[in-house]
Structures are given as structure tokens and as C-alpha cells.
S.K.: 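Next up is a structure, given as C-alpha cells.
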Amino acid sequence: MRFHIMTLFPDMIMNGLKESITGRAIDNGIFSVNAVNMRDFANNKYNHVDDYTYGGGAGMLIQPGPVYDTYQYIRDGLHKNHNIDPEKKLRVIYMTPTGTPFNQAMAEEFAKEEDLVILCGHYEGIDERVLEEIVTDNVSIGDFVLTGGELPAMMVVDAVSRLIPGVLGCDESAIYESFYDGLLEYPQYTRPPVFMGKEVPEVLTSGHHQNIEYWRLEQSLKRTKERRPDLYEKYIVEHKDKLDKLVKKGKIKM
Ligand code: ADE
């Protein structure tokens, strides 16, 4: 998979992703990240890509020309290097606080793409006309406003890339973590067996796998109810029969 990041701060992206798991996967050629500086497509001698907003208002806006030219440069590169039709509409995610909240289902959908373009805004945003022309998905990482789209873009690359086979050390770990079945992950423990007077829950050292599964489900339910009542309500409606049976048999308490 190839990620193409349209940004004014390419070093921020590359420095952020070169570490840890993403860095190792990039080095191993499992996916690639190409951060393209939109300032290289400025059409004035000052390398400015921003200008005042029509109609007034605080702040500057990124102009449409450099954004479109960056997009076209990415398409030309894909044509030259990978024989992809230069007119092909690519999946372009615009990171914006006005977008749809990002979630695991979106990450899974994006992971199916061969090429994913991520557009990072800065200043007050980007001229609407070029967004209409190239953007396929408007995505927010939460109800707060950051200074730019670079951190959100890195989050999307991280969440999507860990779903690509071979990125995580063990393919299974992508499946069992939080959100895959609609519940938050249960608490986990490692050595030492006693820390600050607190013991590891007994069931986890019992070796009884079925009981461990029940305990983990119960903990996930408890945690989800406390921290994410929205997810909890959805889960208990969708899994009513299974949960009723487990409670009746005394396997879990709710
Ligand atoms: N750019 C600035 N704030 C953002 C947010 N919350 N999500 C995505 N992109 C952003």
C-alpha cells in the first residue's frame, strides 16, 4: 500500500512515521509514505500558498492551485512508476475538524486501497473549489481543533497501516484488540504477580481458558458500560441472546 500525504510540513510526517512499528514496516517495504510539500507548487516567487479569505474573516486560506497541482503530481508519479491511469480518481481523505469522526470501520475500509492520498489543511483551511474537485472523504479525528492536519494524517496512516498483513509482528494481534467486536478491551497483566500490594486476578493464573474468556468478556462489558455507554447499549442490543444465556448459566455477571 502507498500513502501520499499532501502537506506543508513533510518532515513532520516522515519524522513521526519513521519510528517504531510504522518505521520498521516502511524499511521492510510493506507500505510506503510519500509526503509531498504543497509549497513546491506555489506559483509566486515568495513560495506563498495562502491568501486572505473572500468575504472577510480572520486567518488565511490555502489557495486551490498548489493543492490541485500537488494532486496531479502524485497522479503523474503513479502513472510513470506504476502504470496507473493518470486520470484515475484517487481516494483522497481531507483531514478536517468538520469531517466525519474517524473510526475502526473507516480504517478497515481505507486499508483496502492500493493508494491513499491524505490532504492536510493548515491556517483556516483550504479553498472549497479544489476540495470539491479532489476530496472523496472528509475525516475528523475528534471534536477539537488542531493547528494542522499533520497529526491527524499520521493517526490515520498508523491506524490503517497496522491492518496491512506483516506490519504487526503477529497478524493476530490486529484482530483481538479493542473495537473489533464493539467492546473496549479488558484489563491485562504481566509480571510481577504482586505490584504495590495488588495481585493479578486469580482467574488469569488458573489456566482455565474458558473461565478466562468469560472473565474477560465481563470486564470488557463493565469497562465499556462505564467509559463508552454508547457502545455498550449497541452491544447489548446486538448480543442480547448470547448475553442472556451466559448470565442465566452463571458464567458472567452484568
Ligand atoms: N485539523 C485540525 N483539527 C482537526 C481534527 N480534529 N481532525 C482532523 N483534522 C484536523
Side-chain angles (χ1 to χ4, degrees), residues 1-22 31 33-42 48-71 74 89-113 115-164 178-179 184 227-228 230-231:
M1 181 167 185
R2 297 177 288 257
F3 293 91
H4 312 267
I5 319 293
M6 301 171 61
T7 172
L8 294 174
F9 299 95
D11 291 347
M12 190 172 166
I13 301 281
M14 298 316 286
N15 286 336
L17 294 173
K18 75 173 189 223
E19 302 291 338
S20 184
I21 294 174
T22 49
F31 69 92
V33 181
N34 173 28
V36 187
N37 193 344
M38 295 192 284
R39 204 176 291 286
D40 292 344
F41 299 87
H48 285 173
V49 291
D50 56 324
D51 209 329
Y52 295 101
T53 314
Y54 279 119
M60 309 283 272
L61 222 54
I62 301 179
Q63 294 171 285
V67 177
Y68 193 79
D69 291 348
T70 309
Y71 174 68
I74 291 168
K89 290 248 178 212
L90 299 172
R91 190 93 188 241
V92 180
I93 303 167
Y94 176 40
M95 303 312 311
T96 168
T98 65
T100 309
F102 187 54
N103 61 27
Q104 192 64 29
M106 277 187 199
E108 279 166 36
E109 200 197 311
F110 295 155
K112 293 178 191 152
E113 300 286 337
D115 286 286
L116 199 63
V117 180
I118 307 181
L119 171 59
C120 306
H122 245 271
Y123 312 114
E124 289 305 304
I126 299 179
D127 185 287
E128 191 66 22
R129 292 165 296 179
V130 72
L131 298 177
E132 283 170 10
E133 199 61 40
I134 69 170
V135 171
T136 55
D137 303 79
N138 291 280
V139 175
S140 165
I141 57 150
D143 290 342
F144 43 83
V145 182
L146 301 172
T147 55
E150 281 72 19
L151 286 170
M154 282 191 260
M155 286 180 43
V156 170
V157 173
D158 191 298
V160 172
S161 67
R162 67 187 283 289
L163 302 175
I164 303 171
S178 300
F179 291 120
L184 302 184
R227 299 182 187 176
R228 291 292 304 274
D230 54 326
L231 294 180

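In listed order, ligands and their atoms are each counted from 1. Each residue takes its place number in the sequence, starting with 1. Given the structure is predicted, the values throughout are model-derived calculations rather than measurements.
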S.K.: Please work out, at 4.0 Å between heavy atoms, whether the side chain, the backbone, both, or neither of Thr96 comes within that distance of ligand 1.
M.R.: backbone
S.K.: Looking only at distances, please establish whether an N/O atom of ligand 1 is found under 3.5 Å from an N/O atom of Ile141.
M.R.: yes
S.K.: Give me the nearest non-hydrogen protein atom to atom 3 (N) of ligand 1 as residue plus atom name, then the distance to 0.1 Å.
M.R.: Leu146 N, 3.0 Å
S.K.: Going by the atom numbers of ligand 1, which of them fall below 4.0 Å from some non-hydrogen atom of Ser140?
M.R.: 6 (N), 7 (N), 8 (C)
S.K.: So for atom CG, which belongs to Asp230, do other residues, nucleotides or ligands contribute more than 12 heavy atoms lying within a distance under 6.0 Å?
M.R.: yes
S.K.: Heavy atoms, side chains only, cut-off 4.5 Å: are Arg228 and Leu184 in contact?
M.R.: yes
S.K.: State if Asp143 counts as touching ligand 1 under the rule of any non-hydrogen atom under 4.0 Å.
M.R.: no
S.K.: Is there a polar contact between ligand 1 and Gly142, counting only N or O atoms under 3.5 Å apart?
M.R.: yes
S.K.: Quick check: does Phe144 get an N/O under 3.5 Å from an N/O on ligand 1?
M.R.: yes
S.K.: Heavy atom of Ala153 under 4.0 Å from ligand 1?
M.R.: no
S.K.: Please list the nearest protein heavy atom to atom 10 (C) of ligand 1 with its residue and the distance rounded to 0.1 Å.
M.R.: Pro97 CD, 3.5 Å
S.K.: Is atom CZ of Phe144 surrounded by more than 12 heavy atoms (other residues, nucleotides or ligands) closer than 6.0 Å?
M.R.: yes
S.K.: Flag Pro152 as yes when one of its N or O atoms lies below 3.5 Å from any N or O atom of ligand 1, and as no otherwise.
M.R.: no
S.K.: Going by the atom numbers of ligand 1, which of them fall below 4.0 Å from some non-hydrogen atom of Val139?
M.R.: 8 (C)
S.K.: Among Asp115, Leu116, Val135, Ile118, which residue satisfies the side chain to side chain contact (heavy atoms under 4.5 Å, CB included) criterion with Arg91?
M.R.: Leu116
S.K.: Counting from 1, what ligand 1 atoms have a heavy atom of Met95 closer than 4.0 Å?
M.R.: 8 (C), 9 (N)
S.K.: Taking the side chain as everything from C-beta on, heavy atoms only, tell me whether Glu133 gets closer than 4.5 Å to Tyr71.
M.R.: no
S.K.: On a heavy-atom basis, which atom in Gly121 and which in Ile126 lie closest, and how many Å separate them?
M.R.: CA-CD1, 4.0 Å
S.K.: Hey, which of Asp137, Leu151, Ile141 is the one that makes side chain to side chain contact (heavy atoms under 4.5 Å, CB included) with Met95?
M.R.: Ile141
S.K.: For Thr147, which part has a heavy atom under 4.0 Å from ligand 1: side chain, backbone, both, or neither?
M.R.: neither
S.K.: Taking the inter-plane angle between the rings of Phe102 and Phe110 on a 0 to 90° scale, is it parallel (under 30°), tilted (30 to 60°) or perpendicular (over 60°)?
M.R.: parallel
S.K.: State which residue, out of Met154, Met155, Arg162, fulfils the side chain to side chain contact (heavy atoms under 4.5 Å, CB included) condition with Asp158.
M.R.: Arg162
